[in-house]
**Q** 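Okay, handing you the structure first.
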Amino acid sequence: MGLDPHHPLRRGHFGACIHTGSLKRPRISSPEKPPYQFILVKRKGPVYPVRVGNTGTHIKQSGARTRTMRFTRYLVPTLREDPSDAAVTSHRLMLRAGLIRKESAGMYLYLPLGFRALRKIIDIVREEMERAGALEFLMPELTSADLWRESGRWEAMGREMIRIKDRNGQEYALAPTHEEAFTAAVRSIVSSYRDLPLNAYQINTKFRDEIRPRYGVMRSKEFIMKDAYSFDMDEEGLERSYQAMRRAYRNIFSRCGIDTIPVEADTGSMGGSDSEEFMVASEVGEEVLLLCPDCAYKANQERAEYKRTEPKGGGPAEELRVVDTPNVKTIDELAAFFKCGAERFLKSLIYLADGKPVMAVVPGDREINEVKLKNALGALEVELAPDSVVEDVTGAPVGFAGPVTKKKIRAIFDPAISNAHNAITGANERDRHFAGVNPERDFQITEQADITSAVKGDACPRCGAAMNERKGIEVGHIFKLGYKYTKSMNLTVLDESGKAVHPIMGCYGIGVNRTMAAVIEQHNDEKGIVWPMTVAPFQAHLVAIAKTDEETAAVDEIYDMLSGAGIDVLYDDRRASAGVKFADADLIGMPIRVTVGKSYFKDGEIEVKLRSESEAKRVPKDEFLGHIRGLIEKEWGRYT
RNA sequence: CGGGGUGUAGCGCAGUCCGGUAGCGCACCUGGUUUGGGACCAGGGUGUCGUAGGUUCAAAUCCUAUCACCCCGACCA
């Protein structure tokens with residue numbers, strides 16, 4: 001059906017194009033229609049949470065149209081200026097585009113537009129989890145202290161866990177994670193090996209009393225997390241569950257349109273063996289990653305290994321001698337005093353490992369990696385010892401500690417120390433250092449472990465190439481938990497022989513809000529957000545540039561046509577100038593922009609533009625729907 | 001918790017040094033003219049100047065205390 005340019009504005013002009021009954025619906029835009037229509041509808045039934053569309057399809061089969069997707073009925077409080085407290089791109093754009101507002105530090109509310117995007121991400125997560133065979137639960141947020149006491153974490157979690165009491169003095173935690181809750185639930189439900197393997201997950205709020213919330217929803221006190229827990233009979237089963245999650249995570253992030261870098265990670269206080277974090281490379285990332293350019297090695301700095309290349313120094317071994325070093329304490333001061341490089345010094349720091357003093361000895365140009373140190377010592381907590389303890393165990397003020405000592409203190413050495421030659425170190429005496437220090441002769445390497453951080457340029461532990469450093473945002477983390485919870489909380493099932501055995505667990509998390517922020521970090525330009533089709537709040541944004549009631553009615557019909565065809569469309573029907581509308585459309589960033597203005601009223605051509613491209617295309621009305629559908633398919637296909 | 005900074009209208013800010021009873025831009029409301037990249041005219045202030053004390057004839061401004069928020073650091077399943 002071709003457009004008759006002489007009568008483009010006649011009502012019913014699109015009749016042949018419009019799906020079921022779209023013309024019979026009342027127009028809420030008519031001045032005599034009160035705006036409360038949609039409010040009544042909303043109050044009738046559950047409106048939260050709402051599934052968008054049919055699972056697995058991205059163009060709805062029938063037009064479940066509502067009249068609330070008009071700007072004049074919707075709520076898109078865009079900000080023309082940058083909020084002063086937003087330091088990073090995603091935070092700034094989320095506020096400006098009217099997706100979120102701050103409730104207080106570390107707590108954000110989602111406005112309708114922002115919640116739609118969040119829901120799109122949640123839907124993708126849910127689909128991929130279900131596809132991987134996981135079962136969705138919903139756990140309480142308020143968890144009793146007894147649950148945490150069983151695993152020993154009521155004490156171990158520290159102040160990060162928010163604790164409250166009810167009127168009877170019963171203690172609870174606002175759950176920061178749900179290992180205990182799921183273990184207890186499975187314990188009471190499952191009793192046979194026939195019920196395993198089981199992967200139980202939920203998409204729910206988590207509470208953590210972050211020391212410093214920052215970067216908007218990137219690090220907040222309250223956030224939505226998808227957390228999953230797998231229970232298997234043995235390690236082979238766990239490996240299968242783990243690999244299934246590994247695949248699911250890759251699918252989830254690629255469908256959300258973000259490039260992630262999977263890296264080897266520390267398993268943290270959870271214990272366990274294999275662990276992989278999904279990182280989004282970003283300047284505002286809070287994690288440091290070491291990436292090998294030549295092989296596949298990628299690791300979080302907390303864990304990254306590196307080859308020690310420092311050669312054993314040349315020349316004959318010098319005599320051990322004492323040097324007066326008045327007030328020379330720091331490595332920089334020492335390097336200046338001795339006129340040599342920082343690597344010549346044996347940096348010796350006193351830590352408290354679960355309260356007991358330990359001397360950690362590393363090359364002077366290296367940073368101690370406290371995560372590695374903690375793991376090497378088998379400690380739950382390590383912290384730098386206070387000055388008083390340092391003086392106590394070394395017999396000297398801070399700055400003069402060294403491994404050459406008769407004092408009895410546990411000492412742990414980085415492997416590079418065994419290559420030290422004629423080194424310089426504190427003499428455990430005020431204002432004195434030893435020079436000509438050599439291992440084995442002057443001190444014994446009693447314990448050796450990798451306790452320093454790899455940095456840019458260090459040799460890859462696999463292939464030896466110089467590694468690169470990047471900052472990353474952690475959006476997902478999977479790891480093998482082992483038996484920690486099933487044993488401490490005594491979860492057992494009967495095996496084939498009727499014997500009670502502890503299942504082995506895995507744990508898999510995705511920060512949903514953080515993923516949304518990461519999407520925006522990767523998809524924006526100077527004008528605003530550029531949503532990937534898969535997570536965009538709406539698929540299309542219809543901009544009306546109409547002057548008369550007739551023209552307005554004609555644009556309304558385009559809206560009817562789109563929404564009637566099952567396309568998620570946000571309709572800017574405001575009486576505002578074109579510039580304002582275009583600027584807002586760019587800011588909130590729906591993937592397809594449809595402009596109906598003079599080119600339509602004059603030539604019957606609808607203007608279609610991708611947010612990610614600068615050129616618009618004029619499409620005749622009879623090709624319009626097909627064109628839009630094609631664009632949606634094409635854009636959707638980019639992220640699957 | 002340490003260091004730095006900021007709290008004045010929905011947002012961005014000036015006014016604080018030197019006390020005199022609150023202002024600018026945008027947004028918002030009313031009427032009109034406009035309408036293809038953040039229009040214009042006319043009218044409208046929507047504010048316990050973060051909070052509580054104190055000094056003073058008089059406090060956004062000076063003093064004291066306190067709270068909140070932001071940045072850097074320490075910390076972080």
**Q** Could you check whether the side chain of A:Arg214 and the base of B:C70 have a donor-acceptor pair of N or O atoms closer than 3.5 Å, going by distance alone?
**A** no
**Q** Is a donor from one side chain sitting under 3.5 angstrom from an acceptor on the other, for A:Ser241 and A:Asn199?
**A**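 No, because no side-chain N or O of A:Ser241 sits under 3.5 Å from a partner of the opposite role on A:Asn199.
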**Q** Please check if any side-chain donor atom of A:Asp584 sits under 3.5 Å from a side-chain acceptor atom of A:Thr78, or the reverse.
**A** yes
**Q** Can you tell me the base-pairing partner of B:G19? Count Watson-Crick or G-U wobble geometry only, both distances below 3.5 Å, and say none if there is no partner.
**A**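 Per the H-bond distance test, none.
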**Q** A:Ala583 near the nucleic acid: base, sugar-phosphate alone, or nothing, with a heavy-atom cut-off under 4.0 Å?
**A**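 Base: the residue A:Ala583, judged by heavy atoms under 4.0 Å, touches a nucleobase.
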**Q** Let's see if you can work this out: which of B:G38, B:C70, B:C1 has an atom nearest to the side-chain heavy atoms of A:Ala105?
**A**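 That would be B:C70.
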**Q** For B:U35, give its Watson-Crick or G-U wobble partner with both distances under 3.5 Å, or none.
**A** none
**Q** Work out how far the P atom of B:A22 is from that of B:A60, and round it to whole angstrom.
**A** 9 Å
**Q** Determine the interatomic distance between C1' on B:G38 and the same-named atom on B:G31; round to the nearest Å.
**A** 23 Å
**Q** Can the positive tip of A:Arg163 be found less than 6.0 Å from the middle of the six-membered ring of A:Trp148, inside 45° of the ring normal?
**A** no
**Q** Answer with base, sugar-phosphate or nothing: what part of the nucleic acid does A:Glu607 contact at a heavy-atom distance below 4.0 Å?
**A**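 The residue A:Glu607 makes base contact.
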**Q** Taking atom types as modelled and ignoring hydrogens, do the side chains of A:Tyr485 and A:Glu150 form a donor-acceptor contact shorter than 3.5 angstrom?
**A**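 The criterion, which ignores hydrogens and geometry beyond distance, is not satisfied for A:Glu150 and A:Tyr485.
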**Q** Taking only side-chain N and O atoms of A:Arg212, does any of them lie within less than 4.0 angstrom of OP1 or OP2 on B:C70?
**A** no
**Q** Contact class for A:Ala86 vs. all strands (heavy atom < 4.0 Å): base, sugar-phosphate, or nothing?
**A**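 Since no nucleic acid heavy atom lies under 4.0 Å of A:Ala86, the category is nothing.
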**Q** Please give the nucleotide sitting opposite B:C49 as a Watson-Crick or G-U wobble pair, both distances under 3.5 Å, or none.
**A** none
**Q** Under 4.0 Å between any heavy atoms, over every strand shown, what does A:Arg159 touch: base, sugar-phosphate, or nothing? Just pick one.
**A** nothing
**Q** Return the nearest nucleotide to the side chain of A:Ser84; candidates are B:C13, B:G38, B:U35.
**A** B:C13
**Q** For A:Asp82 and for A:Arg593, locate the closest nucleotide of RNA chain B by heavy-atom distance; then report the residue assigned to the nucleotide nearer the 5' terminus.
**A** A:Asp82
**Q** Would you mind pulling out the nucleotide paired to B:C11, Watson-Crick or G-U wobble, both distances under 3.5 Å?
**A** B:G25
**Q** Is the number of heavy atoms from other residues, nucleotides or ligands within 6.0 Å of CD (A:Glu367) greater than 12?
**A**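 It does not: A:Glu367 CD has 12 such atoms or fewer within range.
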**Q** Say we look at B:A42 and B:U61: how far apart would their P atoms be, to the nearest angstrom?
**A**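 One P to the other, the span is 36 Å.
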**Q** Considering Watson-Crick and G-U wobble pairs with both distances under 3.5 Å, what does B:C69 pair with?
**A**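 Pair assignment: B:C69 / B:G5.
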**Q** Base, sugar-phosphate or nothing for A:Lys102? Non-hydrogen atoms, less than 4.0 Å.
**A** sugar-phosphate
**Q** When the ring planes of A:Tyr108 and A:His91 are compared, do they come out parallel, tilted or perpendicular, using 30° and 60° as the limits?
**A** perpendicular
**Q** With a 4.0 Å cut-off on heavy atoms, is A:Tyr508 in touch with a base, just the backbone sugar-phosphate, or nothing at all?
**A** nothing
**Q** Please report the distance separating the C1' of B:A68 from the corresponding atom of B:G25, rounded so that it comes out in whole Å.
**A** 26 Å
**Q** For B:C75, what is the paired nucleotide under Watson-Crick or G-U wobble rules, both distances under 3.5 Å?
**A** none
**Q** Say you pick atom C1' in B:G7 and the same atom in B:G50; how far apart are they, in whole Å?
**A** 6 Å
**Q** Look through every strand shown and name the nucleotide pairing with B:A58 as Watson-Crick or G-U wobble, where both distances are under 3.5 Å.
**A**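 Base-paired to nothing in any strand shown.
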**Q** How is A:Glu287 classified with respect to the nucleic acid when contacts are heavy atoms under 4.0 Å: base, sugar-phosphate, or nothing?
**A**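 No contact at all - A:Glu287 keeps every heavy atom at 4.0 Å or more from the nucleic acid.
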**Q** RNA chain B: A:Ala578 or A:Phe223, which has the more 5' nearest nucleotide?
**A**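 Per heavy-atom nearest nucleotide, the more 5' residue is A:Ala578.
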